[in-house]
Amino acid sequence: MTHPTPDLRAVIDASRGGDDPDRDDRARVRSALITKLGAAAFVTGAAATTTSTAVASTVAASVTPYLVALALTSALGVGAVATWRTRTPPPARAPIAAPHTTPARVEPAPVNAPSPAVTVIAAPASATPVDEPRTTPRARPARPVGEGIESVPLEEAPDLVAETAALREAHVAMEAGDPERALRVLAGYSSAHRGGALRVEREAAKLIAQCQLGRARELEVSSFLTHHASSPLAARVGRACLR
Amino acid sequence: MGLSIMSNWLRPATPAATAPVSFAQIYEEHLDFVWRVARRLGVPESALDDAVQDVFLVVHDRLASFEHRSSMRTWIYGIVRRVARDHRPSKRERPLDEAPEAPSETASAHEGLERAEAKRLLHALLDTLDDDKREVFVLAELEEMPMPDVAQAIGINVNTAHARLRAARHHLEDALARLHARQTWRSP
């Protein structure tokens, strides 16, 4: 087996880590998936797991997320979690065949009641330090599944839940042609919470709503586009504001 | 498809060896891999968010039917390559002339800049590969995945995977040498 020449090796080595997602990327993807799948998808625990021994039946697959959502709702007093699941089915997508799969066996799979000790994966902003060194996959020690998942006390989980709910409500309002309401929702959240894992997303949503109303300040828009030039959010803000 | 690959596909699952895995755990474990590989398979920066989301939506939908006949990473890669195909622009022959220049001494003064330049150069080089060679190179050389796993992920035999990797390296080395020659000629 030949090896790359030093020139090619230099290019490969120099670009190590360059294609990894950064903190903003992680927050954006996570937020979008929570919006599409519901927060229950990001809850770990007995009810959210799957094993090859018990391939989930159709019934179990559909019931389990509701049980988890219900548990979260009652434990945290946040009603939004359950309603996301019912109000926003995943968007229709072209079917993409997953490899190496066979049709799910129709076997009675155990439906485990959610454990009272619910673990929520920490928001990327806190789970992944900015300065975490990025090494090659081989150099990186093999991480057991589950490592990097931070147990968050139940009382801290509502921040991410509430932030995602606010963001989603703002987008729903904008899609419904009501950017005023989107701005009220975002302002309401910001006045009650400082920072947040999805701060950049909220800032983008605010600018888009302001642009829809023709109220955006040019300086704010250009500042956002400059600071987040490589982010897809910049493209969205640009589309809304630079027409 | 080689016999060894077929036997892997036909081998019954070994349930006892597998531990429960939740979607959340899979997401945390594989997000970086999905993001990197999608980008390196040619999904443009602007479509990367959507592509990565699509991958994990499929993972979420299909997780219950994953039978551990391959590794989770191999299974996820199968989804990534299909999604990437849908999200990347139609391929056109792009002369390496259009690619950014190789990292210069000035650029190397700043590590971040050097890496960004190297990344752009790497993507430009990858764009010159055909899809077959590109995915073997990405998995074997960049992701450093063991060759049997690469072969399984793509659905080819190991010898073919080795041959494609050799061909990909030759192609990229030639392209890089031409680029350096042009830069030398332009700046005597």
Side-chain angles (χ1 to χ4, degrees), chain A residues 1-5 7-8 10-21 25-26 28-30 32-33 36-37 41-46 48-53 55-56 60-61 90 93-94 96-104 121 127 136-138 143 145-149 230 232 235, chain B residues 9 13 15-16 18-29 31-32 35-36 39-40 45-46 48-49 52-54 56-58 60 62-70 75 78-79 82-83 86 102-103 114-116 118-119 121-122 125 141-144 162 166 169 172-173 176-177 180:
Chain A
M1 170 61 62
T2 59
H3 294 284
T5 57
D7 274 358
L8 181 56
V11 174
I12 293 169
D13 288 343
S15 59
R16 290 266 181 236
D19 283 318
D20 283 346
D25 298 330
R26 291 169 197 277
R28 265 196 330 275
V29 172
R30 184 188 183 80
L33 285 172
K36 289 174 180 169
L37 296 173
F42 284 87
V43 175
T44 62
T49 59
T50 182
T51 68
S52 62
T53 51
V55 176
R93 303 186 304 277
I96 297 164
H100 306 256
T101 60
T102 56
I121 295 180
T136 64
R138 188 170 286 170
R143 287 193 309 168
V145 171
E147 189 180 312
I149 295 172
S230 62
Chain B
W9 284 73
T18 57
V21 182
S22 72
F23 172 76
Q25 290 170 321
I26 292 167
Y27 173 82
E28 285 299 311
E29 183 77 10
L31 172 63
D32 286 10
W35 185 278
R36 278 195 310 268
R39 183 71 190 93
R40 288 167 172 178
E45 204 84 60
S46 58
L48 207 46
D49 269 29
V52 171
Q53 286 169 39
D54 282 353
F56 281 105
L57 289 172
V58 176
H60 185 267
R62 306 291 174 89
L63 185 55
S65 61
F66 175 57
E67 293 185 328
H68 297 262
R69 291 184 179 189
S70 60
W75 181 69
I79 299 171
R82 285 166 175 76
V83 170
D86 291 343
E114 183 185 25
R115 190 161 70 175
K119 186 177 85 166
L121 176 60
L122 179 67
L125 287 168
E141 197 70 70
L142 303 181
E143 291 298 321
E144 299 183 326
H162 278 295
R166 273 197 301 273
R169 283 174 179 159
L172 294 177
E173 285 157 5
L176 197 55
H180 282 316

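Every chain is numbered from 1 and lettered A, B, ... according to where its sequence line falls, protein lines coming before strand lines. Only this structure's heavy atoms are used, side chains among them; waters, hydrogens and symmetry mates stay out.
Nearest heavy-atom pair across B:Trp35 and A:Val29 is CZ3-CG2, 3.6 Å. When every heavy atom of B:Lys119 is checked against every heavy atom of A:Gly18, the shortest pair comes out as CD-O, 2.9 Å.
When the salt bridge (Lys or Arg N to Asp or Glu O under 4.0 Å) test is applied to A:Arg28, the partners found at least two apart in sequence or on another chain are A:Asp25, B:Asp49. Applying the side chain to side chain contact (heavy atoms under 4.5 Å, CB included) criterion to A:Thr5, with sequence neighbours excluded, gives A:Asp7, A:Leu8, B:Glu173.
In this structure, the separation between CG on B:Leu142 and CG on A:Asp19 is 8.5 Å, given to the nearest 0.5 Å. Atom-to-atom distance recorded for B:Asp54:CG and A:Lys36:NZ is 6.5 Å, nearest 0.5 angstrom. Here the CD atom belonging to B:Glu144 is positioned 9.0 Å from the CD1 atom belonging to A:Ile12, to the nearest 0.5 angstrom. Rounding to the nearest 0.5 angstrom, the gap separating the CG atom in A:Leu33 from the CG atom in B:Leu31 is 9.0 Å.
Classification of B:Glu28 and A:Arg26 as a salt-bridged pair fails, no side-chain N sitting under 4.0 Å from a carboxylate O.
Under a 3.5 Å cut-off, the side chain of B:Arg36 and the backbone N or O of A:Pro21 do not form any donor-acceptor pair.
Inter-residue side-chain proximity for B:Phe23 and A:Leu37 is flagged as met; some heavy-atom pair is nearer than 4.5 Å.
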